[in-house]
Amino acid sequence: MKSKVTLKEIVGTKIIYAVLLVCYYWTWARRDWHNYYDIIQNMVVIFAILFFIMQAGRVRKYGKEKKDEQAIQRLNRIDAAGLKIMVAAAIVIAFASAVAFIDGRMAGYALVGTIFAITVIRFILFCSMSRKES
């Protein structure tokens with residue numbers, strides 16, 4: 001792969017990590033257990049390791065290339081907004097757990113779902129802000 005690594009690619013691949021986290025949590029938090037859950041867990045772990053190795057080369061290559069300072073500033077603004085959203089979501093989830101609206105398993109689903117949603121929102125916002133300023 002000789003193509004230039006973009007910040008959009010780096011941000012977009014975080015969605016795959018979030019999906020892997022959701023899949024892995026799903027197999028752990030199930031109340032029923034089937035033998036194929038072990039296979040799913042192993043496939044998720046193997047795919048995560050292989051994907052991480054592939055991405056490590058791309059990230060290393062991105063580190064050597066000239067950086068787009070405006071894109072990095074946009075990403076920092078989006079990350080700041082995402083942090084505020086995540087803190088608010090964590091407070092709501094913790095409060096709901098404390099007053100027994102949801103149990104621990106459902107709180108876990110809410111947390112990994114929030115991580116997935118924030119990752120997707122981050123990518124969408126980054127793409128739309130990049131398109132507007134281009």
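Hydrogens, waters and symmetry mates play no part in the numbers below; they use all other heavy atoms, side chains included.
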Say whether [X] and [Y] are linked into one hydrophobic cluster, either directly or through other cluster members, by side-chain heavy-atom distances under 4.5 angstrom.
X: F47; Y: I53; value: yes
X: F101; Y: V92; value: no
X: I49; Y: V59; value: yes
X: I91; Y: I121; value: no
X: V112; Y: V87; value: no

Step through the shown structure and confirm whether more than 12 heavy atoms of other residues, nucleotides or ligands are within 6.0 Å of CG on N35. no

Would you call [X] and [Y] a side-chain contact if the rule is heavy atoms closer than 4.5 Å?
X: H34; Y: I40; answer: no
X: L75; Y: V11; answer: yes
X: D79; Y: L83; answer: no
X: Y62; Y: T6; answer: no
X: F51; Y: T13; answer: yes

What's the shortest heavy-atom distance between [X] and [Y], and which atoms?
X: R105; Y: Y25; value: O-OH, 3.0 Å
X: I118; Y: G82; value: CD1-O, 3.5 Å
X: I93; Y: A110; value: CD1-CB, 3.5 Å
X: Y17; Y: Q55; value: OH-CB, 3.8 Å
X: I102; Y: M106; value: CB-CB, 4.0 Å

[atom2] on [Y] to [atom1] on [X], rounded to 0.5 Å:
X: E69; Y: N76; atom1: CD; atom2: CG; value: 9.5 Å
X: M43; Y: C23; atom1: CE; atom2: SG; value: 9.0 Å
X: R122; Y: M86; atom1: CZ; atom2: CE; value: 13.5 Å
X: I78; Y: F123; atom1: CD1; atom2: CZ; value: 11.0 Å
X: T119; Y: I16; atom1: OG1; atom2: CD1; value: 11.5 Å
X: F116; Y: L111; atom1: CZ; atom2: CG; value: 15.5 Å

Ring centroid separation Y37 to W26 under 6.0 Å: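 Centroid distance Y37-W26: below 6.0 Å, so yes.
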
Decide side-chain contact (heavy atoms from CB on, under 4.5 Å) for I115 and L21; before the verdict, give the C-alpha distance in whole Å, the side-chain angles of both, and the deciding distance to 0.1 Å. CA-CA 9 Å; I115 290 170; L21 174 69; 3.9 Å; yes

